[in-house]
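Heads up: numbering here begins at 1 and tracks the sequence. Only heavy atoms go into these numbers, but all of them, side chains included; no hydrogens, no water, no symmetry mates.
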Amino acid sequence: MQQKVRFQIEGMTCQACASRIEKVLNKKDFVESAGVNFASEEAQVTFDDSKTSAADIAKIIEKTGYGAKEKTEDALPQPEETAHVSWRLWLLLVINIPFLIGMAGMMIGRHDWMIPPMWQFVLASIVQLWLAIPFYKSAWASIKGGLANMDVLVTIGTVSIYLYSVYMLFFSPHAAHGMAHVYFEVGVMVIGFVSLGKFLEHRTKKSSLNSLGLLLKLTPTQVNVQRDGEWKQLPIDQVQIGDLIRANHGERIAADGIIESGSGWADESHLTGESNPEEKKAGGKVLAGALMTEGSVVYRATQLGSQTLLGDMMNALSEAQGSKAPIARVADKAAAVFVPAVVGIALLTFIVTWLIKGDWTVALMHAVAVLVIACPCALGLATPAAIMVGMGKAVKHGIWFKDAAAMEEAAHVDAVVLDKTGTLTEGKPQVAAVYCVPDSGFDEDALYRIAAAVEQNAAHPLARAIVSAAQARGLDIPTAQNAQTVVGAGITAEVEGVGLVKAGKAEFAELTLPKFSDGVWDIASIVAVSVDNKPIGAFALADALKADTAEAVGRLKKHNIDVYIMSGDNQGTVEYVAKQLGIAHAFGNMSPRDKAAEVQKLKAAGKTVAMVGDGINDAPALAAANVSFAMKGGADVAEHTASATLMQHSVNQLADALLVSQATLKNIKQNLFFAFFYNILGIPLAALGFLNPVIAGAAMAASSVSVLGNALRLKRVNIE
């Protein structure tokens, strides 16, 4: 049986490390697929659990030289520890100071600012023989695994320059005369810059890129719980299902639950993307993480931790951020051959420069600069960094993508297929128009009162809509006696002070409707009313459009995305809705198979199709589409089939999802361009001697941080 497991990976230094772990795992016959995300430092492995176990896979990863800790779905993602500057980095930076001063002095002609060669040797030896040991360990483990990483380049470059300087200081003919040309500062400063770059990269990946830390802060650490008849302040991990919990104004809800008493307003935007607070009162639901903006409630906990909607979202986000987008294959393929190719270029640079310049010292400096400038980190971070930020932005808008591949595909969508009922419309009938028979003696309020008196004895959705409309008007509904249902026609009853009232089909109430200019009468369900067999009026009931549907369709069309309606309702109803929204493509009377077939036709015509639906009948079309969106709380099969879930039943969230995806893909392409351009430009400059190794080391560190900085711009992107 296939099983999927996730591991937190420790010890990766660049994309080549991630590629090596993938290569090792994918060679195993019991592994169906394995992907490693360098930015999130996570591996996702699908394997045959009849042949191996998660523990065995962790051991395989550990044998490649990395730590692997299994991540379980039952537990919430843990908050990342704040990245602190280690003593090793502090010491490196302190040792770099005299070399930085010396380098600055040489730039202005003050060579006496550089410390004496013997002191350079002592400090460089501390760095190269002690502080650089983590680089050596990583490089050796990488070479043993058969795929060299960035630390191999740094190690070859800095060790070469260190050994050269030692030779020149102690063994060269010039050493005795104090004329030795040493470059200890190069190794020290390259190790220092690269270590600082790694720290900044690590801190950004663990904090700024990931939205999980912000979500974790939504759950309070202490809550007011009723125990033994008393209210006690307890840690969240001591709360049990069934406990009564109190949340006052300004406090967060600790668990999903049902309100027992109290009332107020709660902000649930962290889950739904809806900025307006919702009213909460007895019998209603509360969701973990919600903020009580007004009032106070006592609720009974029904779900805790990872079982809450917030916990589910956090696990979904963690898994999605750890997945890999197809576009990442570009970086993977490049990283697989990058380091060996760079070593080859560096060797060629050394030989050619030596032959041309006749100075192997210059040749060595050029070769080391090539080794140091060629960092595959920026390339490895280009895609996953943007995906992590994009996923977090999507979640803030109430959109849960299942994986990175779905987000990438959503960025290409140019055709959207929408179901009508529950997607474009509210999914429940409402009174759209009212007709009163002239000279009948009954006005509109009287028509509502009489109809509601009869219909409150019926269970039909149309009946409930009329009763709700009458109550919304604040009308007093009279009592009805002897209510009788006539199957397929309507209902009759004696209404006090009125007479015998019939409500139902037009012919049942003996009403002949006139020709209306308002097209809603042609597509609505009609409920006619008569008193003592004399018709007095009728109601047109239609499924009203959601408040933001027109705005959402406008946004899609503004971004050159074609919109289609496909519904099981009759063609006239679908065309009426389409006309209201300005949608040119409307298909009615469609079965689930018809919808799926039409989606396939659009794909065959070259369209990248997104399907939106919430019912069981939408599942085949959701599966057929390139990318699909289900409404949260709809049919389970629809949510399971879809590529992403919309927390609000709103097409506006679909527009948000597509625009966030487009912005994310654009950011990925920018990052990839920068990473490739950096190496394409940097390597030749280093080979020709325009970049010394120290500048190359600083540039290498800056490249990764620049890519991460560009990814973080996604947080501020406007998706209107």
Can a donor-acceptor pair be found, under 3.5 Å and without considering hydrogens, that links the side chain of [X] to the backbone of [Y]?
{"X": "Lys4", "Y": "Thr46", "result": "no"}
{"X": "Asp414", "Y": "Thr608", "result": "yes"}
{"X": "Thr52", "Y": "Asp49", "result": "no"}
{"X": "Glu185", "Y": "Leu100", "result": "no"}
{"X": "Lys69", "Y": "Ala58", "result": "no"}
{"X": "His366", "Y": "Ala687", "result": "yes"}
{"X": "Ser138", "Y": "Pro134", "result": "no"}
{"X": "Asn667", "Y": "Asn710", "result": "yes"}
{"X": "Gln44", "Y": "Ala34", "result": "no"}

Could you go through Phe30 and Ser50, starting from their C-alpha distance and side-chain angles, then the distance that decides it, and tell me whether this counts as side chain to side chain contact (heavy atoms under 4.5 Å, CB included)?
CA-CA 9 Å; Phe30 46 76; Ser50 66; over 6 Å; no

Side-chain touch [X]/[Y], heavy atoms, less than 4.5 angstrom:
{"X": "Phe121", "Y": "Val166", "answer": "yes"}
{"X": "Ser661", "Y": "Phe401", "answer": "yes"}
{"X": "Phe99", "Y": "Met114", "answer": "yes"}
{"X": "Phe7", "Y": "Val5", "answer": "yes"}
{"X": "Pro693", "Y": "Met365", "answer": "yes"}
{"X": "Glu10", "Y": "Glu41", "answer": "no"}
{"X": "Lys396", "Y": "Lys393", "answer": "no"}
{"X": "Val45", "Y": "Ser33", "answer": "no"}

Shortest non-hydrogen contact from [X] toward [Y]:
{"X": "Ala410", "Y": "Val627", "answer": "CA-CG1, 4.1 Å"}
{"X": "Gly192", "Y": "Asn96", "answer": "CA-ND2, 3.8 Å"}
{"X": "Val342", "Y": "Val370", "answer": "CG1-O, 4.0 Å"}
{"X": "Ala124", "Y": "Val188", "answer": "CA-CG2, 3.6 Å"}
{"X": "Met407", "Y": "Ala394", "answer": "CE-CB, 4.3 Å"}
{"X": "Leu169", "Y": "Pro117", "answer": "CD1-CB, 3.7 Å"}

Distance in Å, [X] [atom1] paired with [Y] [atom2], rounded so as to fall on 0.5 Å steps:
{"X": "Leu92", "Y": "Ser195", "atom1": "CG", "atom2": "OG", "answer": "5.0 Å"}
{"X": "Gln3", "Y": "Ile57", "atom1": "CD", "atom2": "CD1", "answer": "8.5 Å"}
{"X": "Leu123", "Y": "Phe184", "atom1": "CG", "atom2": "CZ", "answer": "10.5 Å"}
{"X": "Ile399", "Y": "Leu659", "atom1": "CD1", "atom2": "CG", "answer": "9.0 Å"}
{"X": "Thr155", "Y": "Ile133", "atom1": "OG1", "atom2": "CD1", "answer": "11.5 Å"}
{"X": "Asn692", "Y": "Ile373", "atom1": "CG", "atom2": "CD1", "answer": "10.0 Å"}

Check the surroundings of atom CH2 in Trp119: do more than 12 heavy atoms from other residues, nucleotides or ligands lie under 6.0 Å from it?
no

Given the rule in the side chain to side chain contact (heavy atoms under 4.5 Å, CB included) test, do Val395 and Met391 qualify, once you have shown the distances and angles that lead to the verdict?
CA-CA 6 Å; Val395 163; Met391 288 283 186; 5.7 Å; no

For Ile95, which of Ile191, Val122, Ile126 qualifies under side chain to side chain contact (heavy atoms under 4.5 Å, CB included)?
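Answer after filtering Ile191, Val122, Ile126: Ile126.
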
Report the relative orientation of the aromatic rings in Trp87 and Trp130; use parallel for angles under 30°, tilted for 30 to 60°, perpendicular for over 60°.
tilted

Considering only NZ, NE, NH1 and NH2 on the basic side and carboxylate oxygens on the acidic side, decide whether Glu42 and Arg6 come within less than 4.0 Å.
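Between Arg6 and Glu42 there is a salt bridge, with a charged N closer than 4.0 Å to a carboxylate O.
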
Please check if the distance between the ring centroids of Tyr136 and Trp140 is under 6.0 Å.
no

Please lay out, stage by stage, how Val154 and Leu371 fare under the test side chain to side chain contact (heavy atoms under 4.5 Å, CB included).
CA-CA 7 Å; Val154 173; Leu371 291 171; over 6 Å; no

Working note: Asn626 + His412, criterion side chain to side chain contact (heavy atoms under 4.5 Å, CB included); need CA distance, chi angles, decisive distance, verdict.
CA-CA 9 Å; Asn626 296 92; His412 299 292; over 6 Å; no

Side-chain donor-acceptor pair under 3.5 Å between Tyr162 and Ser125, yes or no?
yes

